[in-house]
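Scroll down for the structure; my scribbles are underneath it.
Labels below follow one simple rule: chain letters A, B, ... track the order of the sequence lines, proteins then strands, and each chain is numbered from 1.
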Amino acid sequence: MNYSFSELGKQLIKQIPYGKVATYGQIATYAGNPRAARQVAWILHSSSRKHNLPWHRVINSKGRISLPPHRGYEIQKKLLEQEGIIFEEDGSINLDTYLWHITDY
DNA sequence: AACCTGACTTCGG
DNA sequence: TCCGAAGCCAGGT
């Protein structure tokens with residue numbers, strides 16, 4: 001059975017454990033297209049609501065939230081902090097500590 | 001059916 | 001550190 005990139009990406013996002021985060025590129029890589037990071041953002045836009053995806057656990061490669069202020073940034077930060085994730089002074093997250101490894105699953 | 005757009009990433013300069 | 005360009009998918013116009 002051939003699952004679409006979006007379908008796989010959606011499944012992967014659902015698997016991100018509580019208290020962990022994943023990057024767009026990481027999801028894209030696991031879904032089979034290392035260069036399709038942009039599509040991951042698209043998945044979140046189109047499916048996070050109807051499929052109950054833990055969208056707040058997806059951040060960019062720099063370990064920072066990609067949402068602009070007043071466009072969800074504050075909300076995402078709050079949700080992550082509620083899961084025990086600590087933000088650095090510059091607003092980034094220590095990926096060595098919080099990045100999800102597929103092996104954790 | 002062509003064209004546009006996204007919460008991105010990587011690479012080169 | 002910053003900027004531009006290329007690469008990828010799917011849904012809306």
query = Would W55(A) and I16(A) count as a side chain to side chain contact (heavy atoms under 4.5 Å, CB included) if you check the C-alpha gap in whole Å, the side-chain angles of each, and the deciding distance to 0.1 Å?
reply = CA-CA 10 Å; W55(A) 61 273; I16(A) 304 173; over 6 Å; no

Exercise answer: donor-acceptor pairs, residues 21-29 of chain A side-chain atoms, under 3.5 Å, sequence neighbours excluded:
unit_1: T23(A); atom_1: OG1; unit_2: Q26(A); atom_2: N; d: 3.1
unit_1: Q26(A); atom_1: OE1; unit_2: T23(A); atom_2: N; d: 3.1
unit_1: Q26(A); atom_1: NE2; unit_2: W100(A); atom_2: O; d: 2.5
unit_1: T29(A); atom_1: OG1; unit_2: G25(A); atom_2: O; d: 2.8

query = Is the shortest side-chain N/O distance from S61(A) to OP1 or OP2 of dC8(B) below 4.0 Å?
reply = no

ask   = What is the distance, rounded to the nearest whole Å, between atom CD1 of I59(A) and atom P of dG6(B)?
value = 22 Å

ask   = What side chain to side chain donor-acceptor pair (under 3.5 Å) pairs are there with at least one residue in residues 32-42 of chain A, not counting sequence neighbours?
value = none

task = Using the test side chain to side chain donor-acceptor pair (under 3.5 Å), find all partners of S66(A) that sit at least two apart in sequence or belong to another chain.
result = N60(A)

query = Taking atom types as modelled and ignoring hydrogens, do the side chains of Q15(A) and Q11(A) form a donor-acceptor contact shorter than 3.5 angstrom?
reply = no

ask   = Whole Å only: how far is the CD atom of Q26(A) from the P atom of dT10(B)?
value = 11 Å

Side chains of residues 77-86 of chain A: which donor-acceptor pairs under 3.5 Å do they make with residues two or more places apart or in other chains?
unit_1: E83(A); atom_1: OE1; unit_2: G19(A); atom_2: N; d: 2.9
unit_1: E83(A); atom_1: OE1; unit_2: R57(A); atom_2: NE; d: 3.0
unit_1: E83(A); atom_1: OE2; unit_2: H56(A); atom_2: NE2; d: 2.9
unit_1: E83(A); atom_1: OE2; unit_2: R57(A); atom_2: NE; d: 3.2
unit_1: E83(A); atom_1: OE2; unit_2: R57(A); atom_2: NH2; d: 2.9

request  = For nucleotides 6-13 of chain C, just jot down a letter per nucleotide in 5' to 3' order: B, S or -, based on protein non-hydrogen atoms under 4.0 Å.
outcome  = -BBBBS--

Positions of residues 63-90 of chain A (non-hydrogen atom under 4.0 Å from DNA chain B), listed by number = S66(A), L67(A)

task = Only counting residues at least two apart or in another chain, list the ones meeting side-chain contact (heavy atoms from CB on, under 4.5 Å) with S92(A).
result = R64(A), E88(A), D90(A)

Test side-chain contact (heavy atoms from CB on, under 4.5 Å) applied to A31(A) - qualifying residues, sequence neighbours left out = F5(A), L8(A), L12(A)

